[in-house]
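Here's the structure, in structure tokens; my notes come after.
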Amino acid sequence: MAHYSRLAYWDERYKKEKEPFEWYQNYQAIQMYCQEQLHPNNKILNVGAGNSTLSEQMYEDGFRNITNIDISTVVVEQMIERTQAMPGMTWQIMDCRYMEFEDESFDAVIDKGCLDTLLTGEASEDNANKFCSHVARILKPGGVYMCVSVGIPSERMAILGNQDFSWAVNIETLPKPASSEAVVDYDPVGKPTSCHYLYVCKTGGDDNEG
Ligand SMILES: C[S@@+](CC[C@H](N)C(=O)[O-])C[C@H]1O[C@@H](n2cnc3c(N)ncnc32)[C@H](O)[C@@H]1O
């Protein structure tokens, strides 16, 4: 399963498969939580965004300031093309373990499958910690990190529960889609689960009102 952590795997995959591909869940599954946690004016970062329709659907739902990053140049070039009619939607090639954004520069970070991907490779815990430290650094006070994952709470909280991140974590369960052409029910860490999880990590401080 370690191939998910390799850039070459993602570049090859996106060269071959150009149609939108949705890991775990689609936007509808988390829409209620996004509407609850986020304000339309929020500056949002989608990490490891891939070619999912999540950012486009959030945009259509009124969230117009969305930065997307992915480590794959191939997918970022495709997505710049695909979303060119969406002002406020930007794409950058960036490794989430070494994010170059300024401190306290985002209201929200959305992650669907990116932390999970880091956890499949070598030095997985170290990589996950690097990533989460950056997320905590770039979030504004009152900001939120929303992570959709297959990882069960006892495993994911070993990472997300780190006191250094100064966030409170709420865990929501998301029923696995029964069958859908758009949502592929696949577990990159190789451990079958009966549901997916949404980890809502809320930093202390001012309310997030944009
Ligand atoms: C499981 S896919 C999820 C894609 C998309 N978020 C979705 O929900 O369908 C993981 C994505 O993370 C990207 N990725 C892997 N390692 C990364 C890293 N170190 N930094 C940024 N993106 C990374 C991959 O290129 C891939 O697009």
Side-chain angles (χ1 to χ4, degrees), residues 1-2 4-5 20-38 42 44-55 57-58 61 63 66 68-70 96-97 106-121 124-136 138-139 142-180 182-204 208:
M1 287 295 169
Y4 290 113
S5 64
F21 185 94
E22 215 60 68
W23 287 78
Y24 309 157
Q25 300 276 343
N26 57 24
Y27 177 56
Q28 281 68 39
I30 60 165
Q31 181 177 26
M32 177 177 83
Y33 303 104
C34 289
Q35 290 175 342
E36 205 173 85
Q37 295 292 334
L38 311 178
N42 278 173
I44 297 166
L45 175 67
N46 184 357
V47 288
N51 65 7
S52 145
T53 59
L54 182 78
S55 287
Q57 293 198 16
M58 288 184 72
D61 205 22
F63 302 106
I66 307 180
N68 300 271
I69 64 165
D70 202 285
C96 66
R97 296 168 299 173
F106 287 93
D107 299 289
V109 175
I110 310 288
D111 166 1
K112 189 157 68 71
C114 188
L115 175 63
D116 284 4
T117 296
L118 295 178
L119 284 167
T120 63
S124 59
E125 214 169 299
D126 187 40
N127 285 332
N129 273 318
K130 276 185 185 138
F131 164 59
C132 288
S133 301
H134 276 280
V135 174
I138 66 176
L139 276 176
V144 65
Y145 168 44
M146 299 176 72
C147 174
V148 180
S149 169
V150 293
I152 58 174
S154 59
E155 290 182 1
R156 284 301 172 272
M157 286 306 290
I159 307 282
L160 298 172
N162 184 335
Q163 299 293 311
D164 291 349
F165 302 147
S166 303
W167 52 41
V169 186
N170 272 328
I171 307 170
E172 310 287 349
T173 51
L174 307 171
K176 274 187 175 176
S179 68
S180 162
V183 179
V184 173
D185 188 18
Y186 195 86
D187 174 2
V189 288
K191 291 178 188 164
T193 54
S194 58
C195 61
H196 297 140
Y197 299 91
L198 171 65
Y199 294 89
V200 180
C201 310
K202 184 102 182 154
T203 65
N208 176 14

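- Side chains of Gln31 and Asp61: a donor-acceptor N/O pair is present below 3.5 angstrom, by distance only.
- Looking at Tyr145 and Leu139, their side chains come closer than 4.5 Å, going by heavy atoms from C-beta outward.
- The only member of Ile152, Thr173, Leu174 that meets side chain to side chain contact (heavy atoms under 4.5 Å, CB included) when paired with Cys195 is Thr173.
- Residue Asp107 is tested with Leu45, Asn42, Leu38 for a side chain to side chain contact (heavy atoms under 4.5 Å, CB included); the sole match is Asn42.
- Residue Lys112 is tested with Ser149, Ser52, Cys147 for a side chain to side chain contact (heavy atoms under 4.5 Å, CB included); the sole match is Ser52.
- The shortest distance between side-chain heavy atoms of Asn46 and Met58 does not fall below 4.5 Å.
- Not counting sequence neighbours, Tyr33 has no partner by the ring pair (Phe, Tyr, Trp, His ring centres under 6.0 Å) test.
- At a threshold of 4.5 Å between non-hydrogen side-chain atoms, the residues Leu54 and Ile110 count as touching.
- The shortest distance between side-chain heavy atoms of Lys202 and Asn170 does not fall below 4.5 Å.
- In this structure, CG in Leu198 is found 8.5 Å from CD in Gln37, a value given to the nearest 0.5 Å.
- Cys34 places a side-chain heavy atom less than 4.5 Å from the side chain of Met146.
- The distance from the SG atom of Cys201 to the CD1 atom of Ile159 is 11.5 Å, given to the nearest 0.5 Å.
- A 4.5 Å side-chain heavy-atom check between Leu115 and Arg156 finds at least one atom pair inside the cut-off.
- Between Ile30 and Val148 the shortest side-chain heavy-atom distance falls below 4.5 Å.
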Q.
Under the criterion side chain to side chain contact (heavy atoms under 4.5 Å, CB included), I'd like the reasoning laid out for Val109 against Val47: C-alpha separation, chi angles, the key distance, then a yes or no.
A. CA-CA 7 Å; Val109 175; Val47 288; 4.0 Å; yes
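- A donor-acceptor distance shorter than 3.5 angstrom exists from the side chain of Glu22 to the backbone of Thr53, with no hydrogens or angles considered.
- Distance check, rounded to the nearest 0.5 Å: CD of Glu155 to CG of Leu160 gives 12.0 Å.
- Side-chain atoms of Asn68 do not come within 3.5 Å of backbone N or O of Ala49 as any donor-acceptor pair.
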Show me the donor-acceptor pairs, under 3.5 Å and distance only, between side chains in residues 126-133 and residues at least two apart or in other chains.
{"residue": "Asp126", "atom": "OD2", "partner": "Lys130", "partner atom": "NZ", "Å": "3.3"}
{"residue": "Asn127", "atom": "OD1", "partner": "Arg97", "partner atom": "NH1", "Å": "3.2"}
{"residue": "Asn127", "atom": "ND2", "partner": "Glu122", "partner atom": "O", "Å": "3.2"}
{"residue": "Asn127", "atom": "ND2", "partner": "Ala123", "partner atom": "O", "Å": "3.4"}
{"residue": "Asn129", "atom": "ND2", "partner": "Glu125", "partner atom": "O", "Å": "3.2"}
{"residue": "Lys130", "atom": "NZ", "partner": "Tyr98", "partner atom": "OH", "Å": "3.4"}
{"residue": "Ser133", "atom": "OG", "partner": "Asn129", "partner atom": "O", "Å": "2.7"}

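- Remark: side-chain polar atoms of Ser124 are not paired, donor with acceptor, to backbone N or O of Leu118 under 3.5 angstrom.
- Residues His196 and Pro177 are in side-chain contact: their nearest non-hydrogen atoms beyond the backbone lie under 4.5 Å apart.
- Residues satisfying the ring pair (Phe, Tyr, Trp, His ring centres under 6.0 Å) criterion with Phe165, sequence neighbours excluded, are Trp167.
- In summary, the side chains of Tyr24 and Asp116 do present a donor paired with an acceptor at a separation below 3.5 Å, with no hydrogens or angles considered.
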